[in-house]
Structure formats: structure tokens, C-alpha cells
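The structure appears below as C-alpha cells.
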Amino acid sequence: MGSKPDVPSFQAMILEGHEFQREIGTHVLKMCGASEVIEAATGTEAIAFLETRSEPLDIMVCDLNMPGMDGLEFLRHIGLRRSGVSVILASGMDADIIRAAEMMARSYGVKIIGTVQKPLSEGKLLPLILMHFGQSLIPPRARAKAMPVEDIRAAIAKRQFEPFFQPKVHMHNCQIAGVEALMRWRHPTLGLIQPGSFIPVMEANNLISEVTFSLVEQALTACSQWRREGLDTTVAVNLSVDSLRDTTLPDKLSNMVASAGLHPESFTIEVTETVAITDLGHSLETLARLRMRGFGLSFDDYGTGFSSMQQLTRMPFSEIKIDQVFVTGAARQDVLQALLGTIITMAKRLRLRSVAEGVETEQDWQVVARLGCDVAQGNFIGKPMPANELVTWYHNWMGTHQSVAGE
Ligand code: G
Ligand code: G
Ligand code: MN
């Protein structure tokens, strides 16, 4: 089985009492790029093997509940013997037991990469392994099927692209903190099409700037309309690299915002790191000018790039949006909580507003709230929706979820 191109080749061990589970573990580790997987059925067997080896193993996956020497005893042994292996704990047990085992192992000096629930899968192990090797945490997002460029051109002429809006709320009081405009194609026969199928095509064919201006126009119109209906909020739009290359963009946006009777403070621009560092000179000029004019500037998908932290220090951001890979399901993964804590603390130090993306459940909410995140966005709060549904959403949300605030 070939190793993954983005994971260095590594040697692994699986310590697991059940033969079938052990085979699954071996298979999954190879899928994740292990060049060699040593199997051990008991702690005694694993220790005997480790003693015969001069080079430390890179990674081992260790079950906690085994006959004979249990996982806790085994971890104590390898800690005291300074075996140097990094461990992923695998267990079907309750999260608090796993957490206790993790703390115990750390106190013996064992490096714990993270914990996973059994059964093992590539999806669970790979993010931990990538992180261990200091690489991006994100499994590449599934590529959507691209729509033909001619269909897209025709649809632009027919004005079939429109923004949906996903709300963001302040975690301390649940009040609305803004909405993000997300492009949708209202296709006459195929229904609603997601951006993954047309944005990359637009970007590759010089169409994105034109469509983005139309989207901004529609978003501003919606924003004024909500205000008339008593909902005072701000709106954010995602910009591609093409738009940032245009150093007159701040002027154009200023005019559009003013024509809608709004202030730049009510409008935020979201850019990803890739966008911000492509054509750095022009991008920095545009971004700095946007901030000078009073627009909000958001660092989108924070944490998934290669040098996120460095970019933070050179770009004039006002907000960071923590990517959903760190947020969704964080309650079940200590490693994600640790990363979230670090990002949120850093945002506070830099006086940036922190926004957690991908808050899907109340558990996700509780985790990011406890870590001191300012704002949350995600399906738990509200999915992207058409402009005319936002006010109704707002009343429902304030009516039903105010109680989760501040917990
Ligand atoms: O809306 P989701 O709902 O599926 O959006 C998927 C991706 O498409 C996100 O990464 C989002 O940033 C991007 N996206 C959505 N709308 C726009 C847009 O108007 N312009 C650009 N450049 N990207 C967008
Ligand atoms: O611009 P950005 O890449 O951050 O776009 C956000 C994307 O995340 C959009 O595709 C949006 O539909 C999606 N999204 C928003 N909230 C959630 C959520 O709670 N869960 C998941 N899986 N996706 C979400
Ligand atoms: Mn975004």
C-alpha cells in the first residue's frame, strides 16, 4: 500500500487485544501512510518488542482495555522507560475515562497525540497523524462537480446568482453579530447549486469579480431591508484573489455601501490566507485601504493554511474565523480543544474578534463558549438562508436559545 504524498513515511505499532480490531487498525494505519505496522496483542508483547529496537517507533495506537496488562499500566511502563513513541489512544470507553488516561500518561512523560473512539478509521486517525507531523489538519474538502462555464455565463446574464445568509451570534448574550453572504445559484431545472460547483470555474474564467459586485449589491439591499424591519446587523462577503488585485476595490465598495445608506463598519470582507498572500503587494495595499476606510476584515478558515500565524501579524485583520475542522465535534477531541484554546487566546492578545465556524451542536457551542470565543456561526445557530427568512429566524432564535448564552 503506497504512502500518502503529504505524510512522511512512518513506522507504527498497534496494541490491541482483539484480533479483528487489530487487523482493522493495521489496515487503517497503512491507509494513513505507515510504511510498517507492528502488531501486538498484549502490553507485555509490545514492551518486549520495544526493548529489542534501537530506533524508536514513530506512532503507536494503544487500546486501553486489554486482558492482562491494561493500557494504563502499559503507558506507565513506556513512560518510565522513555521509549520515545508518540501515542494515539483508542478506546470505546467514556470520554472522561479516556481523558484521565491521557492525563496520567502525560504525567509519566508519554507524548499523547490524541484520542479516538473505536472503531478506528482513516478519517479519525489521519488528522491526528498529520498534526503530529506538523502539517495541515484538514483533510481536503471533497471536490464538487464543476458546472460548464458557458452555463455559468448564461446564468450570470440571467441574474441567477444570489446570496444566502448565515447568521453569527455573540456568545455572551446570543444577540446577532452579523451575517455572512454565501453565494447560491438558483438553477431553473437543477435547483439550488452550492458554490463549490461554480466559484472555482468563475475564478478560472475571470468572472468572479463581476458576480461578486452583484452579490455585494444584493447583500447591501438585504441589509437595508432588515434594518427597515427592525433588525440592525452587519453583513460579510467572501472575496477571491481577483477582487483584491483591484486596488480601486475600496473606492467601489465605499460608494456601494454609501448608496445603500450604510456605513463601512456595517460591512466585512472575508479573505482566506491563500487569497491574502497571492500577489502580496497589491493584496496588502487593498486590505490596508479597506481597513482605513472602516470596513471589517476577516481572516477566513483560520488555521488551515501553512503560515496562518505569520499572516496575522502582517495583515490588518479585525476578526479571525476559526475553521470548522477545529470546532465541529471539539467536545469529543481534546486535541481540538487545545488548539481552539490557543487560537482564541492569541486572538484576544491581538485584540481580534474570534468567530468559531461550524458550531453544529450545543456541545460545540459549550466548548467554544468555555474557551472564551466571542462569536459563533454554524448549523446549531442557523443554516444559510434566503434574505427574507432572516428576521423570522432571528425571532425564533432569540425566543428559544437565549438560555444557552454564557454557560
Ligand atoms: O456556502 P458554503 O455554503 O457551501 O460555501 C462554500 C465555500 O464557497 C466557502 O468556502 C465560501 O467561502 C465560498 N463562497 C461562498 N460564497 C462566495 C462568494 O460570494 N465569493 C467567493 N469568493 N467565495 C464564496
Ligand atoms: O467561507 P467559508 O469557507 O467559511 O464558508 C463556510 C462554509 O461552511 C459554507 O459552506 C457553509 O455553508 C458551511 N457551514 C456553515 N456552518 C456549518 C456547520 O455548522 N456545519 C457544516 N458542516 N458546514 C457549515
Ligand atoms: Mn467565509
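For reference, positions follow the sequence shown, starting with 1. Counting convention: from 1, in listed order, for ligands and their atoms alike.
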Subject >> Polar side chain donor-acceptor pair, Y394 to E389, under 3.5 angstrom >> reply: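 Looking only at side-chain atoms, E389 and Y394 do not form any donor-acceptor pair under 3.5 Å.
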Subject >> Distance-only polar pair, side chains of Q225 and E229, donor-acceptor under 3.5 Å >> reply: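 The answer is yes; a qualifying pair exists.
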Using heavy atoms and a threshold below 4.0 Å, how should the contact between [X] and ligand 2 be classified: side chain, backbone, both, or neither?
| X | answer |
| --- | --- |
| K321 | neither |
| T328 | neither |
| V359 | backbone |
| P195 | neither |
| D323 | neither |

Does [X] come within less than 4.0 Å of [Y], counting only side-chain N to carboxylate O?
| X | Y | answer |
| --- | --- | --- |
| E319 | R353 | yes |
| D251 | R293 | yes |
| E357 | K168 | no |
| R184 | E162 | no |

Subject >> Shortest-distance N, O or S atom of E180 relative to the Mn ion (ligand 3) >> reply: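 Checking each N, O and S atom of E180, the shortest distance to the Mn ion (ligand 3) belongs to OE2.
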Original post:
Given M183, E357, K383, Q377, which has its nearest heavy atom closest to atom 4 (O) of ligand 2?
Top reply: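 Checking each option, the heavy atom nearest atom 4 (O) of ligand 2 is found in E357.
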Original post:
Which is it for S240 and ligand 1 at heavy atoms under 4.0 Å: side chain, backbone, both or neither?
Top reply: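 Both backbone and side chain.
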**OP:** Please state which part of E270 comes within less than 4.0 Å of ligand 1, counting heavy atoms only: side chain, backbone, both or neither.
**Re:**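 Neither part.
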Subject >> Pair F133 and F10, ring centroids less than 6.0 Å apart >> reply: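 Distance test on ring centres: under 6.0 Å, yes.
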Original post:
Do H401 and F380 have ring centres separated by under 6.0 Å?
Top reply: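 Under 6.0 Å, so yes.
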Could you list which atoms of ligand 2 come closer than 4.0 Å to a heavy atom of [X]?
| X | answer |
| --- | --- |
| Q166 | 15 (C), 16 (N) |
| D301 | 2 (P), 3 (O), 4 (O) |
| E180 | 1 (O) |
| P384 | 12 (O) |

Original post:
Any donor and acceptor pair, going by atom type alone, linking the side chain of T286 with main-chain N or O of L244 inside 3.5 Å?
Top reply: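 Judged by distance alone, yes, a pair lies under 3.5 Å.
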Original post:
What are the atoms of ligand 1, with element, lying closer than 4.0 Å to any heavy atom of I199?
Top reply: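 Under 4.0 Å from I199, ligand 1 has these atoms: 14 (N), 16 (N), 17 (C), 18 (C), 20 (N), 21 (C), 23 (N), 24 (C).
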Original post:
For ligand 1, which atoms sit closer than 4.0 Å to a heavy atom of L215?
Top reply: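 So the atoms of ligand 1 that pass are 19 (O).
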Original post:
Hey, is the Mn ion (ligand 3) within less than 2.8 Å of some N/O/S atom on D301?
Top reply: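 No, since none of the N, O or S atoms of D301 sits under 2.8 Å from the Mn ion (ligand 3).
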Original post:
So, N238 and the Mn ion (ligand 3): N/O/S under 2.8 Å, yes or no?
Top reply: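 Checking the Mn ion (ligand 3) against N238, an N, O or S atom does fall under 2.8 Å.
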Subject >> Heavy-atom side-chain contact between C62 and F74 under 4.5 Å >> reply: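 In contact.
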Original post:
Where do W226 and F165 land on the ring pair (Phe, Tyr, Trp, His ring centres under 6.0 Å) test, with the steps shown first?
Top reply: CA-CA 12 Å; W226 298 323; F165 298 93; 4.9 Å; yes
Original post:
How far does CD of E273 sit from CZ of F299, to the nearest 0.5 angstrom?
Top reply: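 Rounded to the nearest 0.5 Å, the CD-CZ separation comes out at 4.5 Å.
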Original post:
Angle at the Mn ion (ligand 3) between OD2 of D300 and OE1 of E270, to 10°?
Top reply: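 Result: 90°, to 10°.
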**OP:** Look only at interatomic distance and state if N238 has a nitrogen or oxygen under 3.5 Å from any nitrogen or oxygen of ligand 1.
**Re:**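 N238 vs ligand 1: N/O contact under 3.5 Å present.
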